Trainee: 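Pasting a structure below so you can have a look.
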Amino acid sequence: MLRLPHEIKEWMRLQLKPDRVREVSQVLVEPGAVCNLRCSFCPTGNGTVGLSQHFLGPRVFDLILRRLGPSVTSVSLLHLGEPFLNPNLYELIELAGRRGIRVSLHSHFSKIPFDREKAKRLIDSGLAELLVSCDGASQKTYRKYRVGGDFDRVLENLDILLRAKAERESQYPEIIWKFLVHKANEHEIVKARAIAKRLKIRVIFQPLCVPADQSRDWVPRRHVATERRTSFCAMTWDTPVIHSDGAVLPCCVIDHRRYSLGNILREPFDKIWNKPLIVEMRKYLRTGKKASGTLPCHGCPYTPHRA
């Protein structure tokens, strides 16, 4: 039996995707574009984010889920901010759980309000997965990108959560350490693996997405084996991003309201998810043929066509 290379199979699946999509099974929802770190290339951290920065509340979240419909089975509470800064976070997780929706979080897990009681509540909320962004195995390398963060606090918070999981004999949330590899931390990969083994958590390594004019200072000196990241972006079909004010964004790299497709609190989702902009993005991602206007995909590091 002929086995096709992974990228060819991905490309073939992309060609079968339709231009119009009526429903999705997964979604990213922004808990609030607010963060207390100043990560080098993050629009929230450097103050250039062009979206509202208020926190998502339970009433609006419930309405968003109702507007999306019963097809949604997975929600990631993340995008441009730190989820644990949202005072409604645990209630949001519980609300989705009551609908049978799997919830994941993506956190820097550093300077956040967290203690033994909050760890217990996080476990009891039903959270399925927690991805901890920690790019280094010491404070010296960690702070290179996670400006303002505290590496020891990350380990302390992980210890609190792991102890609470053991006390409750719970396998959830699954904890995954996400390590973005760059020039200043590539030498600590082995050390990070050892720490993850001691903590009995999974660690994944992915390349840091670096602006072209910064590559000399940030791109690793040698090739680093990282988790496979799809070569063909399918977010514009499969994974809408919904901001805390209800704005629907076509993909995760969008950080400005000019690319909003509409607001799910005011329009039907299937209408928003098939606006001309996102249909053009789908055509471009599938064929590489440029549209008449500027698309967010042009030059995006996560797409195969970099115009």
Side-chain angles (χ1 to χ4, degrees), residues 34-48 76 78-85 89 104-116 118-119 122-123 127 129-166 173-229 252 301:
V34 177
C35 190
N36 52 357
L37 301 191
R38 301 183 304 281
C39 301
S40 302
F41 307 129
C42 173
T44 307
N46 60 35
T48 61
S76 296
L78 61 97
H79 186 211
L80 297 169
E82 168 49 55
F84 281 98
L85 297 181
L89 179 63
S104 63
L105 291 182
H106 195 156
S107 168
H108 60 60
F109 219 47
S110 179
K111 294 182 177 179
I112 60 170
F114 200 71
D115 54 27
R116 190 166 178 267
K118 287 185 172 62
L122 187 65
I123 294 165
L127 180 68
E129 180 182 76
L130 173 65
L131 285 96
V132 176
S133 291
C134 182
D135 318 313
S138 67
Q139 177 64 13
K140 182 179 180 180
T141 57
Y142 169 79
R143 70 185 180 187
K144 171 69 175 177
Y145 182 70
R146 302 282 166 184
V147 179
D150 185 334
F151 177 76
D152 291 333
R153 181 70 181 275
V154 176
L155 294 185
E156 180 184 333
N157 287 340
L158 281 171
D159 183 66
I160 291 170
L161 181 54
L162 288 166
R163 287 177 183 273
K165 282 182 63 177
E174 179 186 2
I175 301 170
I176 300 172
W177 175 357
K178 184 177 178 181
F179 186 119
L180 298 179
V181 181
H182 54 73
K183 184 181 288 187
N185 67 16
E186 60 181 320
H187 66 285
E188 289 194 335
I189 287 177
V190 173
K191 185 178 179 181
R193 286 199 179 103
I195 294 173
K197 184 177 181 180
R198 174 173 58 81
L199 295 174
K200 297 180 180 179
I201 62 174
R202 180 183 167 202
V203 59
I204 61 175
F205 300 93
Q206 291 184 350
L208 176 66
C209 182
V210 179
D213 62 348
Q214 299 282 334
S215 60
R216 181 177 180 180
D217 296 327
W218 288 91
V219 173
R221 295 178 179 85
R222 60 181 185 276
H223 174 75
V224 178
T226 58
E227 289 281 309
R228 174 180 281 172
R229 175 179 277 160
C252 64

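Just so you know, these numbers come straight off a predicted model, no measurement behind them. Nothing fancy with the numbering, it's 1 onward along the sequence.
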Trainee: Do Leu122 and Lys118 have side chains that approach each other closer than 4.5 Å (heavy atoms only, starting at C-beta)?
Mentor: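 No. Closest side-chain heavy atoms not under 4.5 Å.
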Trainee: Not counting sequence neighbours, which residues clear side-chain hydrogen bond (donor to acceptor under 3.5 Å, both in side chains) with Ser40? List them please.
Mentor: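 Scan of Ser40 (side-chain hydrogen bond (donor to acceptor under 3.5 Å, both in side chains), adjacent residues dropped) gives none.
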Trainee: Enumerate the residue pairs fulfilling salt bridge (Lys or Arg N to Asp or Glu O under 4.0 Å) with a member in residues 137-157, sequence neighbours excluded, ordered by first and then second residue.
Mentor: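 Sorted result for residues 137-157: Asp135-Arg146.
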Trainee: For Arg38, check salt bridge (Lys or Arg N to Asp or Glu O under 4.0 Å) against everything at least two apart and list the hits.
Mentor: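 Expected list: none.
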Trainee: Any side-chain heavy atom of Cys209 within less than 4.5 Å of one from Phe41?
Mentor: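 The answer is no, as the side chains (C-beta and beyond) never meet within the 4.5 Å cut-off.
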Trainee: For Val181 and Pro220, which heavy atoms make the closest approach, and how far apart are they?
Mentor: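 Val181 and Pro220 have their closest heavy atoms at CG1-CG, 3.9 Å.
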Trainee: Which residues pass the side chain to side chain contact (heavy atoms under 4.5 Å, CB included) test with Ser215, sequence neighbours left out?
Mentor: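 Here the qualifying residues are Val219.
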Trainee: Test of understanding: with side chain to side chain contact (heavy atoms under 4.5 Å, CB included), list the residues that count as partners of Leu199, not counting sequence neighbours.
Mentor: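 In terms of side chain to side chain contact (heavy atoms under 4.5 Å, CB included), with neighbours along the sequence ignored, Leu199 is linked to Leu155, Leu158, Leu162, Ile195, Ile201.
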Trainee: Who pairs with Phe109 by ring pair (Phe, Tyr, Trp, His ring centres under 6.0 Å), at least two apart in sequence or on another chain?
Mentor: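 With neighbours one apart ignored, the set is Phe84, Phe114.
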Trainee: Are side-chain heavy atoms of His106 and Ser76 found at a separation under 4.5 Å?
Mentor: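 The answer is no; the side chains never approach within 4.5 Å.
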Trainee: Closest approach of Thr141 and Gly136, non-hydrogen atoms and distance?
Mentor: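 Reported closest heavy-atom pair: OG1-CA, 3.6 Å.
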Trainee: Provide the closest heavy-atom pair for Ser107 versus Pro83 in the form atom of the first, atom of the second, distance.
Mentor: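 Looks like CA-CD, 4.4 Å.
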Trainee: With sequence neighbours excluded, tell me which residues meet salt bridge (Lys or Arg N to Asp or Glu O under 4.0 Å) with Glu129.
Mentor: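 Glu129: salt bridge (Lys or Arg N to Asp or Glu O under 4.0 Å) contacts with Arg102.
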Trainee: Hey, what do you get for CZ (Phe179) to OH (Tyr142), rounding to the nearest 0.5 Å?
Mentor: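 It is 11.5 Å, given to the nearest 0.5 Å.
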Trainee: Which atom names give the shortest non-hydrogen contact between His108 and Glu82, and what distance separates them?
Mentor: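 Minimum heavy-atom contact is N-OE1, 2.9 Å.
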Trainee: Just how far is it from atom CD1 of Ile112 to atom SG of Cys35, taken to the nearest 0.5 Å?
Mentor: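 So the gap between those two atoms works out to 10.5 Å.
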Trainee: Got a sec, which pairs hit salt bridge (Lys or Arg N to Asp or Glu O under 4.0 Å) with one end in residues 207-218, sequence neighbours left out?
Mentor: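 Output for this query is empty, none listed.
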Trainee: Nearest 0.5 Å please: distance from the CG atom of Leu130 over to the NZ atom of Lys178.
Mentor: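 If I round to the nearest 0.5 Å, the distance is 12.5 Å.
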Trainee: Give the minimum heavy-atom separation between Asn36 and Leu85, together with the two atoms involved.
Mentor: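 It is N-CD1, 3.9 Å.
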Trainee: Of all the heavy-atom pairs spanning Pro173 and Leu161, show the shortest one and how long it is.
Mentor: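 Reported closest heavy-atom pair: CG-CD2, 4.4 Å.
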Trainee: Under the side-chain hydrogen bond (donor to acceptor under 3.5 Å, both in side chains) test, which residues partner Asp159, sequence neighbours left out?
Mentor: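 Result, side-chain hydrogen bond (donor to acceptor under 3.5 Å, both in side chains) vs Asp159: Arg163.
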Trainee: Who pairs with His182 by side-chain hydrogen bond (donor to acceptor under 3.5 Å, both in side chains), at least two apart in sequence or on another chain?
Mentor: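 With neighbours one apart ignored, the set is Asn185.
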Trainee: Going by side-chain hydrogen bond (donor to acceptor under 3.5 Å, both in side chains), name the residues that satisfy it together with Thr44, two or more places apart in sequence or in a different chain.
Mentor: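 None.
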Trainee: What distance separates Leu180 CG from Phe205 CZ, expressed to the nearest 0.5 Å?
Mentor: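 Going from CG on Leu180 over to CZ on Phe205, the span is 11.0 Å.
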